[in-house]
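Numbering of ligands and ligand atoms starts at 1, following listing order.
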Amino acid sequence: MQHNVLILDFGSQYTQLIARRVRELNIFCEIYPYNNPPEDLSSFKAVILSGSPFSVRSEDAPHPDLSEIRGKKPLLAVCYGAQYLAHFSGGEVAPSNIREYGRANLSFIKEGETFFENVNVGSQVWMSHSDTIKQLPTNGVRLASTKDVENAAYRIEGEETYAIQFHPEVYHSTDGKQMLENFLVKIAGVEQSFTANAFVEEIIEELKQKIGNDKVVLGLSGGVDSTVAAVLLNKAIGDNLYCIFVNNGLLRKNEFESVLHQYKDMGLNVKGVDASARFLDALAGLDDPEAKRKTIGRVFIEVFDDEAHLLKDVKWLGQGTIYPDVIESVSVKGPSATIKSHHNVGGLPDFMKLQVVEPLRMLFKDEVRRVGKTLGIDDELLGRHPFPGPGLAIRILGDITPEKVSILQEVDAIFINGLKEHGLYNKVWQAGAILLPVNSVGVMGDERTYEKVVALRAVESTDGMTADWVHLPYEFLMKVSNEIINKVKGVNRVVYDISSKPPATIEWE
Ligand code: XMP
C-alpha cells in the first residue's frame with residue numbers, strides 16, 4: 001500500500017496544483033473537500049490544508065474540526081490554512097493594510113530549520129491573500145518573513161505543524177517544491193514510491209481482486225484515457241474485457257480502420273461497430289450545436305447498449321475517468337453534483353446499471369501518459385491531440401451531410417499530416433479544421449468559383465480551460481493552404497483562426 005498524503009480542500013483555485021506538485025515528488029496524495037473528509041485517516045502519513053477564497057473572519061468560512069489531525073499527524077497549512085490555525089489558536093488575523101498579492105522574496109529564514117533546507121534568503125514566493133497573520137498562535141515560532149509579511153511561515157513548538165502564508169504549489173514560488181519535499185520527506189517521512197511502474201503493478205493486482213472472473217465492457221474512443229484504461233484492464237483480466245469502438249461517422253479520415261487495427265495489434269479484445277449511417281441519419285437537418293451534441297450522445301448510448309446486450313453476463317462497465325473529473329464532482333463548490341447520479345436508475349440503459357470500474361480515477365493526464373508508456377503503448381497514440389466526443393459534427397457549422405463530412409475529413413487530414421511532416425504536431429496542444437457555412441467567390445483557371453471556406457485552428461493549452469492560438473510559420477500555412485485548395489474539391493478559401501480562449505472557445509460550436 002502506497003504512503004498517502006491528504007489534501008483538505010477549502011476551495012482554492014490552486015488546490016489541484018498542490019496535488020500535482022506532490023505527485024511530481026513521486027508521492028501519492030488525494031484531495032478531499034474540507035466538509036467531506038475521509039472517515040479513516042490511518043493511511044495518511046501527512047496532511048496539507050489548502051488555501052481558500054474565504055476570510056477566516058467571515059462567518060460562512062470553512063471552520064473544520066482538525067482534532068483528529070493536528071498534533072497527531074504532520075500538518076502543513078497553506079495560506080488560508082495558516083490563517084485558520086492562527087485565528088483559532090491564540091493568534092490574530094486581520095485585514096492587511098498593504099496588498100499581499102504576487103511575487104515577494106523571503107528576507108528572513110530562521111537558521112537550522114528542516115523546512116527551509118536548501119532554500120536561501122531572497123527566494124521568491126507567491127502571495128495571494130487579503131488577510132494577514134498579525135500575531136502567531138500559541139507556541140508559534142516564526143520561520144520566515146518577507147519585506148511586507150512578517151509571519152510568512154511559522155511552526156508550532158512541540159508539534160509537527162507547519163504553516164505558510166505563501167503558495168508553494170505555484171510555479172512562481174521558486175523553491176516551493178523543495179519546501180514540499182522538506183516537509184513531506186524529511187519531516188513527515190513519506191516514501192517517494194509513487195511511480196508509473198509501482199502504480200501499474202498495484203492497480204493490476206487491485207483490478208484482479210476486485211473483478212475476479214467477471215466480465216467487463218468498455219467503450220474505446222481512440223483517445224489516451226480509454227486506451228490506457230483498456231490496456232490495464234486487459235493485463236488484469238485478459239479476454240474477459242470486451243472493448244467496443246464505435247464509428248459515429250464523424251471521426252478523422254481513416255481513423256476508424258487505423259485505430260481499430262492498432263487496438264487489435266495491442267492484443268485487445270475489441271469489436272469495431274460501424275454505426276456511421278445511424279448517426280448521420282439521426283443528425284440530418286439539425287443545425288443547433290446543442291441539438292447535435294444531444295443527438296450524438298443519445299445514439300451513442302443506443303448503439304453501446306445494443307452491443308452490450310449481445311454480451312452475456314457482463315457485470316462491470318470500464319471507464320477512462322481521470323482525477324480532474326473526480327475532483328470536480330466533489331469540490332467545495334459543487335458537492336451536490338455527485339448526488340444526482342443515483343436518481344432515475346430505472347430509466348437508464350442496461351449497461352449503465354453495471355458496476356463501474358475506473359482504473360485511472362486517481363491519475364492526472366500526464367501521469368496517464370507515463371503509465372501508458374510503462375505499458376508499452378505507442379508514443380504516437382499517447383501523444384495524440386484531444387478530439388471531442390461529437391467529433392467533426394461540431395466542426396461543421398450548421399447542418400451535417402455525408403458530403404460535408406467527407407470534405408472536412410480531407411481538409412483535416414492535410415492539415416494534421418502537414419503538422420506531423422513539419423515537426424509541428426507535438427508543439428501544438430490541439431488542432432483541426434472547421435467547415436464554415438458560407439461560400440465565397442474564387443477563381444480557378446478561367447472559371448469563377450463559388451465554394452466553401454474552411455478555417456484552420458491550432459492552439460496551445462495545458463487543460464483546454466484557457467488556450468492561445470499557435471503562431472504557426474507563414475511558410476507552413478501557405479503550403480497547407482495551397483494543398484487544401486488544390487486537392488479538396490469544393491473548397492476555394494482557407495483562413496486561420498487567431499482567437500484566444502477566452503473570449504473565444506477552442507471549438508467553433
Ligand atoms: P471549448 O470549445 O469549450 O473546448 O474551448 C475545450 C476542449 O473540450 C473539447 N470539447 C468537447 N469534448 N465533447 C467532448 O468530448 C464535447 O461536446 C466537447 N466540446 C468541446 C474541445 O475539443 C477542447 O479540447
Can you label the angle between the Phe364 ring and the Tyr323 ring as parallel, tilted or perpendicular, going by 30° and 60°?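 Plane angle over 60°, so perpendicular.
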Ring-plane angle category for Tyr32 and Phe44, please: parallel below 30°, perpendicular beyond 60°, tilted otherwise.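 Plane angle over 60°, so perpendicular.
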Enumerate the residue pairs fulfilling ring-ring contact (aromatic ring centres under 6.0 Å, His included) with a member in residues 453-496, sequence neighbours excluded, ordered by first and then second residue.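 ring-ring contact (aromatic ring centres under 6.0 Å, His included) check on residues 453-496 returns His422-Phe476, Trp469-His471.
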By chain and number, the residues contacting ligand 1 below 4.0 angstrom (heavy atoms only) are Arg293, Pro388, Gly389, Pro390, Ile394, Trp429, Gln430, Gly464, Lys501, Thr505, Ile506, Glu507
Please determine, by modelled atom types, if Ser440 and Arg493 share a side-chain donor-acceptor pair under 3.5 angstrom.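 Result is yes, a qualifying pair exists.
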Is it true that a side-chain atom of His172 and a backbone atom of Gln124 form a donor plus acceptor pair closer than 3.5 Å?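 Looks like no, no N/O pair under 3.5 Å.
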Separation between CZ of Phe304 and CE of Met352, rounded to the nearest 0.5 Å: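 If we round to the nearest 0.5 Å, Phe304:CZ and Met352:CE are 9.0 Å apart.
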